[in-house]
Amino acid sequence: MWSIGELAERAGVTVKTVRFYSDRGLLPEAGRSSGGHRRYGPEALDRLRLIRSLRALDLPVPDVGRVLDREDAMEGALEDAVAGQLRELGSQLAALRWREAALRLVRDCPAGERADRLRLIGAVSAPPSTAVLARFWRRWLPPRLPARVLSEVVDQAVPQPPADPTPAQVLAFARLHALVSEPCPGTAVAGDWQPAAHRTGGGYRPAVLYEGLGEAYALASSALRAQRAPYDGEALDCFVAAYACSRGTRDTPAFRRELSSQLASDPRIDLYWQFAAELWGPARPTPGASHDWLCAALDAQVARTAV
């Protein structure tokens, strides 16, 4: 049996450290001396060394306790604790990389632009949250979309912050954040940019439209990655069919001419996709780029048939 001092000396720690872990129940004492002093057996040395090893991994004391308490499943408890630490460390590293890129952005920009850039990046957390972007799309999309369709559209439309951003990507995300946080002209609510097309009554079926558009955008993105000019084909047919089916009508030359005249660009959404493209990079065309490509293919087809 060892005294607290003897255990501390054998383990290479201070008496204060042994008392700390003992008081928190991590290092049970084997008994007490006649004078009431703590006594520890040889197993306490192994347990203390394990505690120190776990703490060297920066595991919090409560996590260390959970690992020690589950002796019958220590491996599983240790895996859970280490996985939790890795997630936390990953989040901390992401925040540091984001702040580093933000600092480089401020350092390298012209002096006259620093105040504006500080205002932009100061409104964004590090690492940034995409909640405001998702909220914007839920307000912009037609009401009463099925939850599955809404989730798919939002997932496709919201860019995730890069794990190791460049200063330009930090600026793009900050501008994107500011864009969707501003009230639409004429409204008092940030992100209340519901387009007139989404307020259509009658037999309009938005779920049919957005499911079809998702398929059409996927087809068009292949052509965009191949850097092909807009052309007639499956992607365009799928695009037009989505609009026709959502309105309960047929895909005819007359409908295509009408649709071509209705699909005007929205400067606000165009700006959103411009910023999103900087975050995604050239390898992933945005839904906005696919939409523009399909509109160009439709316009070209209508123009040819009108001659």
Q: Compare all side-chain heavy atoms of Pro287 with those of His291 and state whether any distance is below 4.5 angstrom.
A: no
Q. Below 4.5 Å, heavy atoms only, C-beta onward: do Ile4 and His37 meet side chain to side chain?
A. no
**Q.** Test log, rule side chain to side chain contact (heavy atoms under 4.5 Å, CB included), inputs Arg135 and Val132
**A.** CA-CA 5 Å; Arg135 188 162 56 247; Val132 68; 3.7 Å; yes
Q) Which atom names give the shortest non-hydrogen contact between Ala207 and Pro146, and what distance separates them? A) CB-CD, 3.5 Å
**Q.** Val15 to Gly5 - nearest heavy-atom pair and separation
**A.** CG2-CA, 3.9 Å
Q.
Can you confirm if the NZ or CZ of Arg228 lies within 45° of the ring axis of Tyr231 and under 6.0 Å from the centre of its six-membered ring?
A. yes
Q: Could you tell me whether a side-chain N or O of Arg104 sits under 3.5 Å from a main-chain N or O of Asp108, the two making a donor and an acceptor?
A: no
Q. Can you find a pair of side-chain heavy atoms, one from Tyr243 and one from Leu213, that are under 4.5 Å apart?
A. yes
Q.
Hydrophobic cluster membership, with links at side-chain heavy-atom distances under 4.5 Å among I/L/V/M/F/W/Y: are Val124 and Leu93 in one?
A. no
Q: Indicate whether any N or O donor in one side chain lies under 3.5 Å from an N or O acceptor in the other, for Gln262 and Glu258.
A: yes
Q: Return each pair, listed once, that meets salt bridge (charged side-chain N to carboxylate O under 4.0 Å, His left out) where at least one residue sits in residues 145-155; pairs must be two or more places apart or across chains.
A: Arg148-Glu152, Arg148-Glu211
(Q) Using modelled atom types and a 3.5 Å cut-off, is there a donor and acceptor pairing between side-chain atoms of Thr305 and backbone atoms of Val302? (A) yes
Q. Quick one: does Asp46's side chain get under 4.5 Å of Leu50's, heavy atoms only?
A. no
Q) Any sub-3.5 Å donor-acceptor pair from Ser151's side-chain atoms to Ala147's backbone N or O? A) no
Q: May I ask you to check whether over 12 heavy atoms, not counting those of Arg99, lie within 6.0 Å of atom CZ?
A: no
Q: Take atom CD of Glu113 as the centre, draw a 6.0 Å sphere, and report whether it contains more than 12 heavy atoms from other residues, nucleotides or ligands.
A: yes
Q: Might you point out which heavy atoms bring Leu59 and Gln85 nearest each other, and give the distance in Å?
A: CD1-CG, 3.5 Å
Q) Strictly by modelled atom types, are Arg38 and Ser22 linked by a side-chain donor-acceptor pair under 3.5 Å? A) yes
Q. Rounded to the nearest 0.5 Å, how far apart are CG of Leu26 and CD1 of Ile51?
A. 5.0 Å
Q. Can you hop from Val208 to Leu150 via hydrophobic side chains spaced under 4.5 Å?
A. no
Q) How long is the gap from CZ on Phe136 to CG on Leu179, to the nearest 0.5 Å? A) 6.5 Å
Q. Taking the side chain as C-beta and beyond, is there a heavy-atom pair between Tyr40 and Val18 under 4.5 Å?
A. yes
Q: Verify, without hydrogens or angle tests, whether Thr286 (side chain) and Ala289 (backbone) share a donor-acceptor contact under 3.5 angstrom.
A: yes
Q: Would you check, one step at a time, whether the test salt bridge (Lys or Arg N to Asp or Glu O under 4.0 Å) holds for Arg304 with Asp232?
A: CA-CA 11 Å; Arg304 284 196 309 273; Asp232 299 354; 2.5 Å; yes
Q | Gap separating the CD atom of Gln274 from the CZ atom of Arg175, nearest 0.5 angstrom | A | 8.5 Å
Q: To the nearest 0.5 Å, tell me how far Leu86 CG sits from Ser91 OG.
A: 12.5 Å
**Q.** Stepwise salt bridge (Lys or Arg N to Asp or Glu O under 4.0 Å) check, Asp237 with Arg256
**A.** CA-CA 10 Å; Asp237 291 343; Arg256 292 197 176 210; 2.9 Å; yes
Q: Output, in order, the C-alpha distance, side-chain angles, deciding distance and verdict of side chain to side chain contact (heavy atoms under 4.5 Å, CB included) for Phe255 and Arg247.
A: CA-CA 11 Å; Phe255 178 77; Arg247 300 178 188 186; 4.2 Å; yes
Q.
So Pro161 and Leu279, do their side chains get closer than 4.5 Å, heavy atoms only?
A. no
Q. Mind checking whether Leu27 and Met1 sit in one hydrophobic cluster, side chains of I, L, V, M, F, W, Y counted as touching below 4.5 Å?
A. no
(Q) Do Leu7 and Phe20 land in one hydrophobic cluster if side-chain heavy atoms of ILVMFWY residues count as linked below 4.5 Å? (A) yes
Q. Is there a path from Leu96 to Phe173 through hydrophobic residues (I, L, V, M, F, W, Y) whose side chains come within less than 4.5 Å of each other?
A. no
Q) So, Gln169 side chain and Pro162 main chain: donor-acceptor pair closer than 3.5 Å or not? A) no
Q | side-chain hydrogen bond (donor to acceptor under 3.5 Å, both in side chains) against Glu29, all qualifying residues, sequence neighbours excluded | A | Arg32
Q) Any side-chain heavy-atom pair from Leu171 and Phe275 closer than 4.5 angstrom? A) no
(Q) Before you tell me yes or no, could you show the steps for Asp63 and Val67 under side chain to side chain contact (heavy atoms under 4.5 Å, CB included), namely the whole-Å CA-CA distance, both residues' side-chain angles and the distance that decides it to 0.1 Å? (A) CA-CA 6 Å; Asp63 286 353; Val67 172; 5.6 Å; no
Q: Spell out, as yes or no, whether a donor-acceptor pair under 3.5 Å connects the side chain of Thr17 to the backbone of Val13.
A: no
Q: May I have the step-by-step check of side chain to side chain contact (heavy atoms under 4.5 Å, CB included) for Leu271 and Arg268, ending in yes or no?
A: CA-CA 5 Å; Leu271 194 56; Arg268 301 161 301 179; 5.9 Å; no
Q: Could you pull out the closest heavy-atom pair between Ala178 and Leu120, with the gap in Å?
A: CB-CD2, 3.8 Å
**Q.** Side chains of Trp137 and Tyr272, donor plus acceptor under 3.5 Å
**A.** yes
Q. Is the Tyr217-Trp293 ring centre distance short of 6.0 angstrom?
A. no
Q. Taking ILVMFWY side chains as joined if any heavy atoms are under 4.5 angstrom apart, and letting links pass through other members, which residues group with Leu103?
A. none
Q.
For Gln92, I'd like to know if atom CD has over 12 heavy atoms of other residues, nucleotides or ligands within 6.0 Å.
A. yes
Q. Is there a side-chain contact between Arg39 and Ser3, using heavy atoms and a 4.5 Å cut-off?
A. yes
Q. To the nearest 0.5 Å, how far apart are CD in Glu215 and SG in Cys238?
A. 3.5 Å
Q: Taking Arg52 for its side chain and Ala11 for its backbone only, find out whether a donor-acceptor pair lies under 3.5 Å.
A: yes
Q.
Whether the side chain of Arg114 engages the backbone of Arg107 through a donor-acceptor N/O pair (distance < 3.5 Å, no angle test) should be reported.
A. yes
Q) Which distance, rounded to the nearest 0.5 Å, do you find between the CG of Leu219 and the CG of Leu224? A) 11.5 Å
